[in-house]
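Both counts, for ligands and for their atoms, begin at 1 and track the order of listing. Because the structure is a prediction, the values reported are computed rather than measured. When reading the values below, keep in mind they use all heavy atoms of this one structure, side chains included, and skip hydrogens, waters and symmetry mates.
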Amino acid sequence: MLKTPSSSVFASIIATSLTRTSEKFAVSNEGYYGDFGGAFIPEMLYPNVEHLRSVYAEIIAEPSFQAEFEALLRDYVGRPTPLYLAKRLSEFYKTRIYLKREDLNHTGAHKINNTVGQVLVAKRLGKKRIIAETGAGQHGVATATVCALMGLECVVYMGEIDIARQKPNVERMKLLGAKIVPAMSGSKTLKDATNEAMRDWISNPEDTHYIIGSVVGPHPYPDMVSRFQSVISEEIKQQLLEMEGRTNPDYVLACVGGGSNAIGAFYHFLDDERVRLVALEAGGKGVDTGFSAATTALGKPGVLHGSRTFLMQTPDGQVVEPFSISAGLDYPGIGPIHAHLFASKRAEFHAVTDDEAMQAGKFLARMEGIIPALETAHALAHLEKINAKPHEIVVINLSGRGDKDLQTYIDGGQEARPHKH
Ligand SMILES: *Cc1c(COP(=O)(O)O)cnc(C)c1O
């Protein structure tokens, strides 16, 4: 069905994915998932965040919103994305492996699902100006893209160091008409860009909407972004039903930076205990080396960017600088829903090193003709360790394509294959 979905089928996927929430893991009225979440914001940001909180659920439940979101996801983004049975990879690992092809979305990753949703919310709020933070530039590009589409002013905050090391994405954003503002404080990377964006929002409360790029930030962002990304798991269910005669896989694997692609792939399976949810974090050079971004392995509860979650911190509460070969996973926290999935053990979290990810990315290129983003490669690397049975179904969320990582792959040494079998 989903190869050429009728509009009514895709419309029902969109309506379901936006409005059906989990029974056990839905956000509370105060914005909490278990002990995590909330809205820890400076007083000056309160009116903006509170206004968004009071209207977002109503907006995304409106039929006119859903119709516009559906049309753009379908005709502009290119959804539904295929669920592809990776035959050679399946043979190698002796199980059934499906790749959810978010890399085939316009702009090359899952991030556009969220920016399309949020720009439609911004329009309904009457906002004329959009701001965003970006690390590798993927969220910046996805935001600049939807701003061009809607004719809105776009300002992207980016760490000075990231601007230097992500030049192609900086040029893309400029071509799309966005203004790039360097964040010069702290480590001059993603967390500093986020701080600058929040500062901008405080100074421009009337005309500006802040498009956060992952399931992080104060309530209602984690819930809103989760719903926009949850189209991924709703499609997976329909596609598996058609191809395998059942809606549930045995495993879903996804990489976690802030956690938006992972929650998108997990969302409509959260209440289905048959499905093992596996989140892969960036281990960097190794969890114990001091060069890592494995938040659940190294972090403790604390407040980061407006919500209570797990974050990497010193004993006196200073944020520890993260490290990962993939800029999209180079973040010292995780979204509060993931903190809760970790604490409640609904999802497993594992760390994957830079080297393991690099090898898994190259291996997919050779086995299936798909060069994945280095972020995604972290999820692929875990195939080595799950020991799925031949009749079991493993879905991997292929969050993005690897074009942006070409130089890192080239610099990453010799061809190598995983060690199993
Ligand atoms: C940004 C990005 C990620 C990490 O962000 P999440 O919010 O954790 O999904 C993962 N994969 C790709 C391809 C990205 O661009």
For [X], the ligand 1 atoms whose distance to one of its heavy atoms is below 4.0 Å:
X	result
Gly328	4 (C)
Gly400	13 (C)
Gln138	15 (O)
Gly257	8 (O)
Ala373	13 (C)

In this structure, which one of His338, Glu281, Glu348 forms a side chain to side chain donor-acceptor pair (under 3.5 Å) with Thr296?
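Only one option passes, and that is Glu281.
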Does ligand 1 have a heavy atom under 4.0 Å from the side chain of [X], from its backbone, from both, or from neither?
X	result
His110	side chain
Glu102	neither
Val215	neither

Worksheet entry | Phe92-Phe363 aromatic ring centre distance below 6.0 Å | yes
Strictly under 6.0 Å, is that where the ring centroids of Tyr98 and Tyr84 end up?
->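 No, ring centres 6.0 Å or more apart.
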Short N/O distance, under 3.5 Å, between [X] and ligand 1?
X	result
Gly259	yes
Ser399	yes
Val256	no

Ignoring hydrogens and geometry beyond distance, is a side-chain donor-acceptor pair present between Asn113 and Glu102 at under 3.5 Å?
yes
Next item on the list: Say whether Thr107 and Thr145, considering side chains only, have a donor N or O and an acceptor N or O under 3.5 Å apart.
Entry: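 Result is no, nothing qualifies.
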Open item on the list: Would Lys285 and Ile325 count as a side chain to side chain contact (heavy atoms under 4.5 Å, CB included) here? Give the steps.
Closed with: CA-CA 9 Å; Lys285 294 183 178 175; Ile325 196 170; over 6 Å; no
message: Nearest 0.5 angstrom please: Leu99 CG to Ile396 CD1, how far?
response: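 The CD1 atom of Ile396 is 6.0 Å from CG of Leu99, to the nearest 0.5 Å.
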In terms of relative ring orientation, are Phe36 and Phe310 parallel, tilted or perpendicular, with 30° and 60° separating the classes? tilted
Checklist entry - Given Glu375, Lys111, Glu281, Arg401, which has its nearest heavy atom closest to atom 5 (O) of ligand 1? => result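 When every heavy atom of Glu375, Lys111, Glu281, Arg401 is considered, Lys111 comes closest to atom 5 (O) of ligand 1.
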How far is atom 6 (P) of ligand 1 from the closest protein heavy atom, and which atom is that?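 Going atom by atom, the protein heavy atom closest to atom 6 (P) of ligand 1 ends up being Ser260 N, 3.3 Å.
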Begin from the C-alpha positions of Thr143 and Met173 and carry the test side chain to side chain contact (heavy atoms under 4.5 Å, CB included) through to its verdict.
-> CA-CA 9 Å; Thr143 303; Met173 286 185 269; over 6 Å; no
